[in-house]
Amino acid sequence: MNYKQNQQGLYLVANKKFINWMEVHTYCHTCLDALTFDDEFDASYCATCNEWREEQCSDSSCEYCENRPIRPLDPRR
């Protein structure tokens, strides 16, 4: 079994994974897989769920959001 003794802190245990509480925001809230960051659209997404984990901004001329696909793994324009 892989574990570290004397490891203190707060952890989320799910799907046989230990996730440090300070890193929970980097995991999908639905499937608990690690999120991926897309530099082209400046947003995080879950590849397993194929969903963005950040909302588009309200600026209609935003260079990141204006051409963002509905789903992150959809074909790019």
Quick one: CD on Glu63 to CG on Asp42, what's the gap to the nearest 0.5 Å?
8.5 Å
If you group Ile, Leu, Val, Met, Phe, Trp and Tyr whenever their side-chain heavy atoms sit less than 4.5 Å apart, what else falls in with Met22?
none
Indicate the atoms forming the closest heavy-atom contact of Asp39 with Tyr64, along with that distance.
O-CE2, 4.1 Å
Under the side-chain contact (heavy atoms from CB on, under 4.5 Å) test, residues paired with Cys57 that sit two or more places apart:
Asp59, Cys62, Cys65
Heavy-atom pair with the smallest gap, counting every atom of Ser44 and Leu35:
CB-CD1, 4.2 Å
Give a yes or no on whether Leu32 and Leu10 share a hydrophobic cluster (residues Ile, Leu, Val, Met, Phe, Trp, Tyr; joining criterion: side-chain heavy atoms under 4.5 Å apart).
yes
By side-chain contact (heavy atoms from CB on, under 4.5 Å), which residues pair with Asn50, not counting sequence neighbours?
Arg71, Pro72, Leu73, Asp74
Who are the side-chain hydrogen bond (donor to acceptor under 3.5 Å, both in side chains) partners of Glu23, not counting sequence neighbours?
none
Side chain to side chain, Arg53 and Tyr45, heavy atoms closer than 4.5 Å
no
Can you name the side-chain hydrogen bond (donor to acceptor under 3.5 Å, both in side chains) partners of Glu40, sequence neighbours left out?
Arg76
Residues which pass side-chain hydrogen bond (donor to acceptor under 3.5 Å, both in side chains) with Thr48, listed by chain and number, not counting sequence neighbours
Asp33
Please check if the side chain of Trp52 supplies one atom and the backbone of Arg68 the other of a donor-acceptor pair under 3.5 Å.
no
